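Bear in mind that the values here come from a model prediction, so they are computed numbers and not experimental data. Scope of the values below: all heavy atoms of this structure, side chains included, with no hydrogens, waters or symmetry mates. Every chain is numbered from 1, with letters handed out A, B, ... down the list of sequences.
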Number of protein chains: 2
Amino acid sequence: MWQNATIHYFCNVDFQEFITQGEKKYLPNLSVDMVIIGFHEDKLKCLLLQINEKWLLPGGYILRTESIESATVRILRERTGLPDPHFKFLSVFGGPDRKFTKEWQHFLKSHNLPFKEDSWINDRFVTLAHYSLVDFEKTNPVVGNLDEAFAWFNLDELPNMWMDHKEIVLAAKERLKNDIQKEQVTYNLLPTEFTMPQLHQLHQTILDENLDRSRFQKKMLASGAFERLQKLKKDSPGRNPYKYRVKKS
Amino acid sequence: MWQNATIHYFCNVDFQEFITQGEKKYLPNLSVDMVIIGFHEDKLKCLLLQINEKWLLPGGYILRTESIESATVRILRERTGLPDPHFKFLSVFGGPDRKFTKEWQHFLKSHNLPFKEDSWINDRFVTLAHYSLVDFEKTNPVVGNLDEAFAWFNLDELPNMWMDHKEIVLAAKERLKNDIQKEQVTYNLLPTEFTMPQLHQLHQTILDENLDRSRFQKKMLASGAFERLQKLKKDSPGRNPYKYRVKKS
DNA sequence: ACAAAAGTGTTTAAGGTACACCCATGA
DNA sequence: TCATGGGTGTACCTTAAACACTTTTGT
C-alpha cells in the first residue's frame, strides 16, 4: 500500500513549543496544505503523512514575516528535500466548521499530553491548498515533528484522511486534467530526460483516457517544446525510443 | 470621470463598534475583496469606493460563523443590491507587508478619531480576491459605513488606489480574457436579452482585439447556448438585429 | 521468423480564417 | 437610393481523428 514508511520518534518538547509559540509566530486561522503528486509505475501518487491512524496532507502555517509563497516553498522543501520545488495554487477551503478539535484531542490523548479546548490549533482554519508536481525518484520525503510516517498513495486508492483532505486531493486531480492540456508544468512529474511513450502514458494516466499514440507524438513534437536526444537502450523487445528533454528557451 | 457618486455621512458610532467588535466577530488577518465588473457604453467598468481621496475595492471581513462564499455573497449584496450576484474566486494576495496602517491612520486623523497602532485593522491582511460580473443597469451601488462615495471607473483608467488594489483589478482583467473563451459566465455583463452585435462588442472589449463578425456569430449560434427571440426595433439605420437569451437547460 | 514496441504516414472530418455577398432600415 | 448595420455564405487553410504502415529490437 505504501513504501518507505518511516517511523517517527515523537518529541514532547518540540510539540510544547509548537503549541505555545505558534500563536505568536504564525498567522492565525490560516494554513497551507500541499497535494504533492508524483508519477511512479504508471500511477499518480500522492504523498501523505500519518497521525494516529488517519492520514493528512503535508502542510503548515504561515510565519507572520513571510509571504504565502515563501511558506509554501519552505513547507515543500522540508517535506520533499527538493531545493526548488514546483507548486501552484489550487483553491481555498474554509467552511465555518473547519476545525481539527477532535483530531488534536485524539492526538494529545495518545501522547498523554493535556488538551486545551481554546488552543489556537483547535480554532477554525482556512487553508490555502496548493499542488506540487515532483519527480518521484528525486523526492526524499521527511516526516514532520508530529507525523508517525509518510507514504505515497495511489490517487485512486486514498486512505482514511483528516477532515476535507481527501476532497482537496480530488480537487487537485481534477485540476491536473485541466492544466495538463496547456501547460508544460506536467513534465515535472518525469525525470529531465524521458521518452515519448513515457510522456504519452503520463498524459493518459492523468486524463484517464486513451490518447492516440501517433497524434500525441506529432502534437508534442510540433509544439517545439522538446529537443530530441540520443536513443535509449532497452532490454525489452521492440524498437528503442528516443529520449527527449524540455527545451530551455 | 465617474457617475452617480454618492455623498456618505460618516457615523462615528458605527466605526467605534467596527473597531472594538471586529476583532471578535471576524477571522483575523483575512479579508475578501471584490472586483465588481460591469459593461456600459462599450467599456468595461469597475466599481470602486472612495476613502480619503484614494479609491479601494469593495470588500469586507469573514464572520467567524460564515463560510467564505457566504461572506462574499453578503458583501456583494450589500454593495450592489443584487439578490443573487455572480462571483468567482480570483486569487490570494498576501505579502508579508500587506498592512493598511498608513491608510487607516490618515482616515482616523481626518475624522478626529484616535489612532491605535496595535488595532487589528493595522495588522497584516491576506485577502481572498474575487471578481463579479454584473449587469450595469441592474446594479445599484451602495457605499459602506466608511466610504465617502462610489464610482464606476473604466478598467483602463483606474484612479489612485489603496495598496495592491490596482494590481488586483488588473489580475481580474487578465483572468476575464482567459475565462471568456470557455465559460458562459460572461453573459452576466449583459441584460438577459441582448443582440449578437452587443455580445460581439463585449467580447472584443474584453479580449482587446477585433473578432471576425461572421465567425463570431456562427460560433455563438453553433454552441447552442442561445435561443433567438423576436427582432429588436431600432431607430438607427440598418437592419434590425435579433435578440437572444441564454438557454436555460 | 515473429511478436512487441516505437516511429511515421495517409485519409477524412471538423473547425478556424478571411472575405464576399445579401438583406433591412433610416435619412 | 445610398450609406449603414446586420445576417449569411464560400473558399481556403489548419488542426483533429482514426487507422495503416514501417522500422527496430529481443526471443
message: Taking the basic N atoms (NZ, or NE/NH1/NH2) and the acidic carboxylate oxygens, is any pair closer than 4.0 Å for A:Asp179 and A:Lys88?
response: yes
- prompt: Do B:Glu227 and B:Arg245 meet the salt-bridge criterion of a basic N to acidic O distance under 4.0 Å?
  reply: yes
task: Give, ordered by number, those residues of residues 226-244 of chain A having at least one heavy-atom distance below 4.0 Å to an atom of DNA chain C; if nothing qualifies, reply none.
output: A:Arg228, A:Lys234, A:Pro237, A:Gly238, A:Arg239, A:Pro241, A:Tyr242
A:Ser31 versus A:Thr127, side-chain donor and acceptor atoms under 3.5 Å: yes
- prompt: Quick one: do the A:Lys233 and A:Asn240 side chains pair a donor with an acceptor below 3.5 Å?
  reply: no
field: Summary of side chain to side chain donor-acceptor pair (under 3.5 Å) pairs that have at least one residue in residues 161-174 of chain B, sequence neighbours excluded
entry: B:Arg98-B:Asp164
message: I want to know whether B:Phe125 and B:Tyr61 have ring centres closer than 6.0 Å.
response: yes
task: Find out whether the Lys NZ or Arg CZ of A:Arg228 is both under 6.0 angstrom from the six-membered ring centre of A:Tyr244 and within 45° of the ring's axis.
output: no
query: A:Gln198 CD to C:dG7 P: how many Å, rounded?
result: 11 Å
message: Among residues 208-224 of chain B, which ones have heavy-atom contacts with DNA chain D below 4.0 Å?
response: B:Arg213, B:Ser214, B:Gln217, B:Lys218
field: Approximate separation, where rounding is to 0.5 Å, of B:Ile180 CD1 and B:Ile206 CD1
entry: 3.5 Å
